[in-house]
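Okay, structure first, notes after.
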Amino acid sequence: MLLAVLSGFLLAVAAPWVHRALGRHSGWVLALLPASLFIYFATFLPQISGGGQVVIEYPWIPGLDIQLSFLVDGLSLLFALIVSGIGFFVVSYAGRYLEGERDLGRFYVLILAFMGSMLGLVLSSNLISLFVFWELTSITSYLLIGYHHEEAKSRKAALQGLFVTVAGGLALLTGLIMMAMVGGSYELHELLTSGDIFREHDWYLAILLLVLLGCFTKSAQYPFHFWLPNAMAAPTPVSAYLHSATMVKAGVYLMARLNPSLGGTEAWLLLLGLLGAVTMFVGVFMSVRSTGIKQVLAYSTVMALGTLTMLIGVGTETALMAAMAFLLAHSLYKGALFLVAGILDHEAGCKDFLQTGGLRSALPITAAFASLAALSLAGVIPMFGFVAKELLFEAVLEAPALAGILTFLAVVSAIMVVAVAAIVGIRPWYGPRVDTPKAPHEAPPALLAGPVVLASLSLLFGLGAGLVDQGIIAAAAGAVHGAPVSVYLSLWHGFNLPLLLSVLTLALGLTLYFNWDRFRDSTRFLEVLNRYGPEVAYEKSMAGMVWLSEWQTRVLQNGYLRYYLLTILISTVALVTVTLMTHADILIAPDLSDVMVHEAFIVAVLLLAALVSVTTRSRLGAVASLGVVGFCVALIYVLFSAADVGITQVLVETLTVIMLVLVLFRLPGFLGLTPTVLRVRDAVIALSVGLMMTVLILAASAVQYADSISAYFIQESQPSGYGRNIVNVILVDFRALDTLGEIVVLALAAVGVYAMIKFRAEDNNSSTTLEK
Amino acid sequence: METLMAFTVGGLFAAAIYMMLRRSIVKLVIGLVLLSNAANLLLFTQAGLLRGAPPLVPEGAMQPAGIVADPLAQALILTAIVIGFGVLAFAVVLIHRAYEVVQADDMDQMKDTDT
């Protein structure tokens, strides 16, 4: 199992070389991986068809309780089969579709890595690894949308998709961690059996909202749907795979997956049912309003995702069965139709339905199977789409709440779906021949394989609904429901209300299709709404973020050292003051009784010299008093048993004074740059920092948290280090590495000093040569 | 004595901070020198102050006789003094070089030198 999930990534690494070695046939060879994965997953079918589940665990980060564990049940297997099955057609299709493109090797890397991530996502049982795979799909999607990275439009769409889905992903992570905290486990197969713990917990609503934010952004639910149509900037195989069949269904997958834990409440029904229905309606409405081939399909994908969300929200056995059937039906016909859209682009150069018409004679096979897939989309008997649509009507009619409004939206949407199906199934192929940008000709087998097989499966599963009923759909619906379901798929339900609705929607949908142009014109006034839509909100918030970061950079990174210092100092003083005030146990005991006269005299001179160096306006005076400060410090070292330190201090202080005198006198004299008010302000701040340090020293003198390690050095200096001067032994023996570091610092400083002096000389030389 | 040293260190810090808040770059350097002295003295004070007990082992003995001053703090201060000097040397030359390029001692004029 681990190998199956990771094989996508492994092959992705090798893909560019495979591509280079095999050239134009690389697509077929690489497609062998999804094909064999499909077969591998199919072997699980007997185990799970009765509602069973398989859990496979590998330790990953045992210390953090993160395992790489996989859960195979009806739901995850259905997704895994769709991902690998459609993956086969997409990879082989892409080999031909993008043939000769410079970046085809990179494309293979990304699409195979995506497949691996998507498989990991649907099969993960651990919440953290699920999230990691979830984000990996976002990243590969970002890179694939931006495949034509030289186009600004692609880059913008890619970023938009990334921002929207990753922002949701962040919310999702929080939600998942909260779930794990409530449920006491990161393992899905353990969490799914404990639904009541979640539903009765105080955090329920917070968890629900956070998780749904992740799902809704990923699955392009209103109002986050806008990124999906823009994502059509990707090459068509990517649109077919990521943005229709698989990745955008990740949100749906997670909602379905968590239904046993989080579902069944009023909030769940309202949020999913209503927002799903709204998404369904907005999606299909925008779909009919569009004319671009991929736009129509993209918006109808939004419709499908909304439908799935709505059905999961309704949550009855029929609804879940309908959701799983619709999921499969949609993946089949939408995969086929997107691949047909790619053929239209590749073989006839058409990107807009208005450019097409009468292409049946030029592309007979494509036309036939496109129409077949469109029939399934429209939900015409005997296609699998019909089975799903009947169940959908039945589910919304029986919904435990909101039945009226959901049914109304479902029927209106279904009418428009029929129109969309006619637009893609009739418009390009029949009627008078329209001149296309390229001379149209039939597609090669690699491009045809996908549409032919997927559309045929739509027909096959419709005629023989029993083929997928108990085998996988019921198992998947059972996994979503948390208990076996007793609904069966069948083509013929008898004469009932859903059938009547089906016929009604077909008739009205076709009417709408024949008045398509008039419909688009009459709804043009609605384009005003675009000015207030979610996409504008996205643009505004992005612009707002840029503004915010510019503003805070301006404020924080103002370029004045003294303001940086002031910020740091004032916050430090404030924090330390608050801490000192609130801790009553801090002892401060000033004790001046043991000061000797000569020590007091040295300190007085030191402080006086410091004061002079600060206040004097003469540079020589400042440097001289700085020297006095340094020598006073040296005296203190010597008086208090630190002879070595004192000697070093004297040497260094002498050098410092000489160096300062040499350099400073090449610089101009002090200027009175600051007004008196600011000087007073700085003095007050400086004094308060000084006072804070004094108080801190006094407070710290009273405590000793750990024993000093000095005792060891004192003890071992002579026996181990063979030296009687303990400080020296520490420097060259016990802590020799420190000393080595010190030497390195000095060497670097010396190199820097040398370089600056040397290069100046060279600059001067070159400028003098220029002048000559 | 620690109390007196605490005030000394506080005074040095105050002087150093005041100088670092000035616009003149030379004053910034003077502030840095004062700051490094203040920091070293802070370390020295915190290790405890002992009169006339250098960390030395008498000839022929294995351990020092009686309590001696903390040798570790002294070793650290030694390192700090030398590194402080290295940094100062670098800073001074850098300032000198910057002055030649910008022709200004005022840090406000060094704010934007990207040109």
Could you walk me through whether A:Arg679 and B:Arg22 pass the side chain to side chain contact (heavy atoms under 4.5 Å, CB included) check? CA-CA 9 Å; A:Arg679 284 164 190 265; B:Arg22 309 269 54 81; 4.1 Å; yes
Measuring only between side-chain heavy atoms, which start at C-beta, is B:Lys27 closer than 4.5 Å to A:Val614? no
Could you tell me if the side chain of B:Phe85 sits less than 4.5 Å from the side chain of A:Thr656, heavy atoms only? yes
By ring pair (Phe, Tyr, Trp, His ring centres under 6.0 Å), B:Phe13 pairs with (sequence neighbours left out) none
Side chain / backbone / both / neither for B:Ile25 at chain A, heavy atoms under 4.5 Å: neither
Who wins among B:Val9, B:Val29, B:Leu41 for the most heavy-atom pairs under 4.5 Å with chain A? B:Leu41
Closer than 3.5 angstrom, by distance alone: can the side chain of [X] be matched with the main-chain N or O of [Y] as a donor-acceptor pair?
X: A:Arg562; Y: B:Leu21; result: no
X: A:Asp594; Y: B:Met1; result: yes
X: B:Thr3; Y: A:Asp591; result: yes

Could you tell me which of A:Thr615, A:Leu606, A:Ile714 has the largest number of non-hydrogen atom pairs under 4.5 Å with chain B? A:Ile714
For a quick check under 3.5 Å, do B:Asn37 and A:Gln649 share a side-chain donor-acceptor pair by atom type? yes
Under a 4.5 Å heavy-atom cut-off, does chain B meet the side chain of A:Tyr563, its backbone, both or neither? neither
Closest approach of B:Gly10 and A:Thr694, non-hydrogen atoms and distance? CA-OG1, 3.3 Å
So which heavy atom on A:Leu746 is nearest to which on B:Gly86, and how close? CD2-CA, 3.6 Å
For a quick test of your reading: what N or O donor-acceptor pairs under 3.5 Å do the side chains of residues 58-84 of chain B make, sequence neighbours left out?
{"unit_1": "B:Gln63", "atom_1": "NE2", "unit_2": "A:Gln715", "atom_2": "O", "d": "2.9"}
{"unit_1": "B:Asp70", "atom_1": "OD1", "unit_2": "A:Ser710", "atom_2": "OG", "d": "2.5"}
{"unit_1": "B:Asp70", "atom_1": "OD1", "unit_2": "B:Leu72", "atom_2": "N", "d": "3.0"}
{"unit_1": "B:Asp70", "atom_1": "OD2", "unit_2": "A:Ser710", "atom_2": "OG", "d": "3.2"}
{"unit_1": "B:Gln74", "atom_1": "NE2", "unit_2": "A:Ser641", "atom_2": "O", "d": "2.9"}
{"unit_1": "B:Thr79", "atom_1": "OG1", "unit_2": "B:Ala75", "atom_2": "O", "d": "2.9"}

